[in-house]
Amino acid sequence: MKKILLATPTMHGEEQQYIQEAFDTNWIAPLGPNVDMFENEIASYAGVSAAAALSSGTAALHLATILAGVKENDIVFIPSLTFAASVNPVRYEKAVPVFIDSERDTWNMNPAALRKAFEKYPNPAAVMAVHLYGISAEMDEICRICKEHQVPLIEDAAESLGTTYKGKMTGTFGDYGIYSFNGNKIITTSGGGILVAKKEEDVERARFLSRQARDPARHYQHSTIGYNYRMSNIVAGIGRGQMLHINDHIERKQRIYHQYKEAFSDIAEIEMNPLNVNGVDNNWLSCITVSPDSRVNPVQIMDALAEADIETRPIWKPMHLQPVFKDHDFIQVEEGLSVSEDIFNRGLCLPSDIKNTEEDMKRIIQIVRQQFGA
Ligand SMILES: *Cc1c(COP(=O)(O)O)cnc(C)c1O
């Protein structure tokens, strides 16, 4: 039987034309027309004036951390429920992450817990918001809190390109925002990322840092530490081809989400991951949680699907439970079982590949339903 995967790249053909153009013109370099055009296309899609194409989403987060002025021993507030890639760049700068619990409504950073974090640590260097699984965080409240405290906001929109909150693209609320084009994201370039910023000069600065921070002098002169974080012109060609289809990708992801929701609507023990009522989510991955009183647990569902050659994935394991970050503080609204840990314990990500057929969806749904005796 066909193996069903979680989310794989979906190519359309135009990607190869842009790659061919790069070969034909010999722009086989970490700069060139595809890079410039891809930056313009993303900026225009997100509704910002400029974007800097980079080698990965993690590289983009690293530069955002530097641009935000985060330094050694500085505190940065980060949601606990995220991928380690959100946190690692903060540690590259030897700053100290303080993890914030999730809210049930969006699974993202709980603004009330964020307020509480400011009471305990009044002077963090930055706040990082993440839009998990393509669901936007509660940006009005998060932006208000950052503004009140005059703290820069970084938005990790790696998973949420195309997701809007109150009509505005996620990634463009903060002082700095990043998107990822890793292999399984909503569009992919095989690997890559991009940085957007409120101020155009910050995008320019990111480009400068990504090119080894070479000063504008005739000879090789450097007055600061730089990085080799540029995006290749070949990779950017893939991105240009993908951008022609981003809205189609999102519509298909949304359809998958609603198909699961409909299929499980009669099973009270299954709940879909929330949608932000204030926006339109790209539904990068469809997730479910199993109710606390159910005799079915997510591991059992994952095992049953794996047996049928169907790939799933656990919810991101919260950062405050990670061995590498165990010494960092974790702020929740109320003591007791944290919301992020509870979601992790009871949840899983279902296959969300936009190439899945009706037949594939039926197979997945049937096996999940069987676990609940339905
Ligand atoms: C994928 C991802 C990243 C990192 O992006 P890369 O391009 O893989 O470096 C960062 N944060 C989150 C939440 C992600 O899902």
Side-chain angles (χ1 to χ4, degrees), residues 29-72 74 76-77 86 89-90 92-93 95 123-129 131 139 142-158 160-161 168-181 192-233 236 239 243:
L31 76 168
N34 280 338
V35 173
D36 298 343
M37 289 305 292
F38 186 52
E39 287 179 342
N40 291 344
E41 284 156 12
I42 292 283
S44 130
Y45 181 76
V48 293
S49 60
L54 300 163
S55 52
S56 69
T58 309
L61 274 174
H62 188 199
L63 294 185
T65 304
I66 293 168
L67 291 169
V70 173
K71 293 186 185 62
E72 189 167 353
D74 281 352
V76 179
F77 296 151
S86 307
V90 170
Y92 300 162
E93 293 307 305
N123 295 306
V127 171
M128 188 187 295
H131 308 285
M139 293 318 288
I142 291 171
C143 290
R144 188 177 309 127
I145 296 169
C146 289
K147 206 167 178 187
E148 272 170 33
H149 293 271
Q150 296 186 328
V151 172
L153 173 62
I154 300 169
E155 251 183 297
D156 178 351
S160 73
L161 180 62
K168 188 172 145 124
M169 287 281 177
T170 52
T172 66
F173 287 84
D175 300 277
Y176 317 94
I178 75 98
Y179 304 110
S180 164
F181 311 113
I194 209 159
L195 178 137
V196 295
K198 201 155 263 173
K199 293 193 212 132
E200 206 169 322
E201 69 230 45
D202 280 332
V203 174
E204 208 33 68
R205 179 82 185 159
R207 284 203 190 104
F208 165 77
L209 291 172
S210 77
R211 297 167 185 165
Q212 305 287 19
R214 188 179 162 193
D215 290 338
R218 181 193 290 260
H219 49 279
Y220 280 84
Q221 176 173 297
H222 303 270
S223 358
T224 186
I225 298 294
Y227 304 86
N228 183 3
Y229 277 171
R230 290 181 296 181
M231 179 181 275
S232 140
N233 193 56
M243 275 309 282

Rounded to the nearest 0.5 Å, what separates atom [atom1] in [X] from atom [atom2] in [Y]?
X	Y	atom1	atom2	answer
Leu209	Arg214	CG	CZ	15.0 Å
Ser44	Asn40	OG	CG	8.0 Å
Lys147	Leu153	NZ	CG	12.0 Å

Return the minimal non-hydrogen interatomic distance between [X] and [Y], and the atom names on each side.
X	Y	value
Ala46	Thr172	O-CG2, 3.5 Å
Ala60	Leu195	O-CD1, 3.4 Å
Ser180	Gly57	CB-CA, 4.2 Å
Ala68	Pro152	O-CG, 3.9 Å
Ala125	Val70	CB-CG2, 4.1 Å

Note to self: Holding to ring pair (Phe, Tyr, Trp, His ring centres under 6.0 Å), I want the full list of residues that pass it with Phe181, two or more places apart in sequence or in another chain.
What the structure shows: Phe38

Note to self: Applying ring pair (Phe, Tyr, Trp, His ring centres under 6.0 Å), can you list everything that pairs with Tyr176, at least two apart in sequence or on another chain?
What the structure shows: none

Item checked: Pairs touching residues 149-158 that satisfy side chain to side chain donor-acceptor pair (under 3.5 Å), sequence neighbours left out -> Ser86-Asp156, His131-Glu155

Notebook entry, point to check: Under the side chain to side chain donor-acceptor pair (under 3.5 Å) rule, what pairs show up with a residue in residues 50-64, not counting sequence neighbours?
Noted result: His62-Glu93, His62-Tyr229

Check: side-chain contact (heavy atoms from CB on, under 4.5 Å) with Lys199: which residues, sequence neighbours excluded?
Finding: Glu201, Asp202

Next item on the list: List for me each residue that meets side-chain contact (heavy atoms from CB on, under 4.5 Å) alongside Ala29, sequence neighbours excluded, and say none if there are none.
Entry: Leu31

Next item on the list: Let me see the working for Tyr227 and Ile66 under side chain to side chain contact (heavy atoms under 4.5 Å, CB included), right down to the final yes or no.
Entry: CA-CA 12 Å; Tyr227 304 86; Ile66 293 168; 3.4 Å; yes

Next item on the list: Go through the steps for Phe208 and Thr224 under the test side chain to side chain contact (heavy atoms under 4.5 Å, CB included), then give the verdict.
Entry: CA-CA 10 Å; Phe208 165 77; Thr224 186; 3.7 Å; yes

Margin query: Set out, in order, the CA-CA distance, both residues' side-chain angles and the distance that settles side chain to side chain contact (heavy atoms under 4.5 Å, CB included) for Phe77 and Met128, then state yes or no.
Written below: CA-CA 6 Å; Phe77 296 151; Met128 188 187 295; over 6 Å; no

Please confirm whether the backbone N or O of [Y] pairs with a side-chain atom of [X], one donor and one acceptor, at under 3.5 Å?
X	Y	answer
Thr170	Ser160	yes
Asp175	Lys198	no
Asp74	Ala95	no

Does [X] have any salt bridge (charged side-chain N to carboxylate O under 4.0 Å, His left out) partners at least two apart in sequence or in another chain, and if so, which?
X	result
Arg205	none
Arg144	Glu141
Glu72	none

Item checked: Residue list, side-chain hydrogen bond (donor to acceptor under 3.5 Å, both in side chains) with Ser223, at least two apart or on another chain -> Asp215

Checklist line | side-chain hydrogen bond (donor to acceptor under 3.5 Å, both in side chains) involving Ser49 - partner list, sequence neighbours excluded | finding: Glu200

Next item on the list: Please lay out, stage by stage, how Leu63 and Leu54 fare under the test side chain to side chain contact (heavy atoms under 4.5 Å, CB included).
Entry: CA-CA 10 Å; Leu63 294 185; Leu54 300 163; 3.9 Å; yes

Notebook entry, point to check: Quick one: are Val127 and Ile154 in side-chain contact, heavy atoms under 4.5 Å?
Noted result: no

Margin query: Are Pro33 and Asn233 packed together at the side-chain level, in the sense that at least one heavy-atom pair is separated by less than 4.5 angstrom?
Written below: yes

Check: Restricting to pairs with a member in residues 31-42, which pass salt bridge (charged side-chain N to carboxylate O under 4.0 Å, His left out), not counting sequence neighbours?
Finding: Glu39-Arg207, Glu41-Arg240

